[in-house]
Protein chains: 2
Amino acid sequence: MQMDERKQKILKAIVQDYIATAEPVGSRTISKKFELGVSPATIRNEMADLEELGLIEQPHTSAGRVPSDLGYRYYVDCLMDPLVLSEKEKKIINQEITKRLDEVQEVIEYTGKLVSQVTNLTSLVLKPKNRESALNKIYFLPYDTGKAIMVTVKDNGTVENNIVDIGNDTSPEELQILANIFNDRLSGSKAQDLKKGLLNEIYSELSKKRRMLDGVLGILERMFEPKDGENTERVYLGGTLNMLNQPEFKDIDKVKSLFSLFEENRKLQELLNPDDYQGLNITIGSENPDLAFKDCSIISATYHINGKQIGSVGVLGPTRMDYSKAITIVDYMTKSLTEILTNKYRRQQT
Amino acid sequence: MQMDERKQKILKAIVQDYIATAEPVGSRTISKKFELGVSPATIRNEMADLEELGLIEQPHTSAGRVPSDLGYRYYVDCLMDPLVLSEKEKKIINQEITKRLDEVQEVIEYTGKLVSQVTNLTSLVLKPKNRESALNKIYFLPYDTGKAIMVTVKDNGTVENNIVDIGNDTSPEELQILANIFNDRLSGSKAQDLKKGLLNEIYSELSKKRRMLDGVLGILERMFEPKDGENTERVYLGGTLNMLNQPEFKDIDKVKSLFSLFEENRKLQELLNPDDYQGLNITIGSENPDLAFKDCSIISATYHINGKQIGSVGVLGPTRMDYSKAITIVDYMTKSLTEILTNKYRRQQT
DNA sequence: ATTAGCACTCACCTTGCAAGAGTGCTAACA
DNA sequence: TGTTAGCACTCTTGCAAGGTGAGTGCTAAT
């Protein structure tokens, strides 16, 4: 059996009506609401065909039809009207998004908030991991007796500080020497590399500072290790409450299993990590590996800095979601984010 | 009418049974489960009295009785058996809590997680605000053309860094002068105070650096302003999902209004801010100002560093919660936290 | 003062019934 | 041959009726 034009129109009508109303849609409804110029009976015949093709299904014998996951897939791939944002809408979004450019983290999270507000869905944002870059500079500053502030600059421009124990017998001059050695040798290297080669050299110059050096190297290593709140919590979630407004989640058990998943940051990360594909990604219902998401769809896209993928933005909603809107928003947001971040990065780094 | 001993026993039985089963409890149940040596009829008479006193109520004519908010209050104030943690339990908790002593923030949040796990309730933790302290030191470090890293040390020992625009015409020497002026003048002052008196002095020395100075002062000011993610998000929430397991929240609308409140960090802060009372605080049902919490009780207590109150830990659950357990845990946790933090603070700061 | 007994109330569950929505099939029609 | 009208059928939904059980309040006896 083939999909002729009329079947397509009918499928499209079913999907759109179901997205709008969340009620199974019957043949009479279609023939009335959508002008196809045929009677309900004809539509019924076609619907029987569509069901045979696996594109729609019946909750029970005497209910209307509901799109299956496959049906949504067909709709998204072939039938959907693309939605274009007007210049005005774009302007509003841009204003909102650039309102707070202070911190990269903030822009990114705010984007998530914005996405969930605009779509009335839940937004997922994979934040960049900021530990993969190499060291660039180290400075030591006085802090307290026996302690110093170690300021590190990475090659992506981020700056961090840590308190290090230096013992009571380390003079500022010795610290300066240490910093110099580091800075001479480390440009562009990672902590692990440092440790191997550098140790001997430093030990010979400052042989008695072993304990302090261990402290410094320990901190450097930890800076590059995955750590709670950074690599394990890379996903920002926004508008989770929106899910409670969806009629498909009036059942508390579904809410429970969904929200449980929301707390598993690692799984969310996998969801957003389309290593294979750089661009827009759509996962519908049971296409999703996780059973708790079998009634959900996820639209996600990656954002970049200078062409390098560093994270992604996504929305999660019931399979019965407004795909064209979600896709348009996610697409536009990631593009804006890419642009903003690339600009900022360029400015910051020259 | 007075509360005699038997009335107390009966009320206690009602509260305890209702806490355990979440079902209205009848006279027969009490006479069977609890050994009072009287018949259901007698208990019925007493129950009628208790109802008249406003301590219990009937959901409907032919149901058992349920404690009223007042009833819980009486139970908590007068009847409750105090629960004492065994040394073994204390040890387990202490092990858990000290497992991650790396960062103050982490210990505190982890405490919250622990509380919710142990109680099966939702935990609320008010984190310390870290912006109230005064400046102590400023350093400038080279960063990039036209930019510098400004490292600030506050008098509570925290270190922050920011990138400041210094323009292309500022020499390292000039920066040094600036830092010196700051350091001479600022010890112990807040940004606002700085601005007024200091400006003239600095302007006269570095008159052409106006733009750069404005940048630096702007950042300083912002450091002391309430800011997203710090003062507005001072409350950590743990185990919110536990609420979904409570039978009183099988209704999705209740969940919605509760979770909406969870997103309003400011309100949660008020909830945890018992300025008036330092110690354990119990709010039952409608004693709570917010209507969405009318079925909830909150137990909270403050924790301290060196005797100064800096935050609090609380649990939130249905009014029908295990008060003695919750109180014991909250109490013990805040005490442990106080101890741990005071130790750490002492060590770090000397 | 306590308790046994009894009538009463009310939520809850089951059952039955009617209405309504929607289908599939068949036969007629263009 | 494709389309349509008609009709019987199915299944959900809502509602009302009746039975059940838990629990009460009251009264009278102990």
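Not measured: the values here are computed from a predicted model. Protein chains get the first letters and strands the later ones, always in sequence-line order, with residue 1 at the start of each.
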Checklist outcome for this item: Readout for nucleotides 11-30 of chain D: B = base within 4.0 Å of protein heavy atom, S = sugar-phosphate only, - = neither; 5' to 3' it is BS---------BSBB-----
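- A salt bridge (Lys or Arg N to Asp or Glu O under 4.0 Å) with Glu46(A) holds for exactly one of Lys9(A), Lys7(A), Arg65(A); it is Lys7(A).
- For Tyr323(B), the ring-ring contact (aromatic ring centres under 6.0 Å, His included) criterion is met by Tyr72(B), not counting sequence neighbours.
- Rounded to an integer number of Å, the gap from CG of Asp49(A) to C1' of dT3(D) is 14 Å.
- Between the C1' atom of dG22(C) and the CG atom of Asp17(A) lies a distance of 14 Å, rounded to the nearest Å.
- If you measure from atom NZ of Lys33(A) to atom P of dG22(C), you get 11 Å, rounded to the nearest angstrom.
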Item to check | salt bridge (charged side-chain N to carboxylate O under 4.0 Å, His left out) assessment of Glu87(B) paired with Lys90(B) | outcome: CA-CA 5 Å; Glu87(B) 284 308 312; Lys90(B) 282 188 189 176; 3.8 Å; yes
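- Following rounding to the nearest Å, Arg6(A) (CZ) and dT4(D) (P) show an atom-to-atom distance of 8 Å.
- Side-chain contact of Asp69(A) with Ser286(A): a donor-acceptor pair under 3.5 Å is present, judged by distance alone.
- Side chains of Ser324(A) and Asp322(A): a donor on one and an acceptor on the other come within 3.5 Å.
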Item to check | Evaluation steps, salt bridge (charged side-chain N to carboxylate O under 4.0 Å, His left out), between Asp81(A) and Lys12(A) | outcome: CA-CA 10 Å; Asp81(A) 297 321; Lys12(A) 188 171 168 182; 3.0 Å; yes
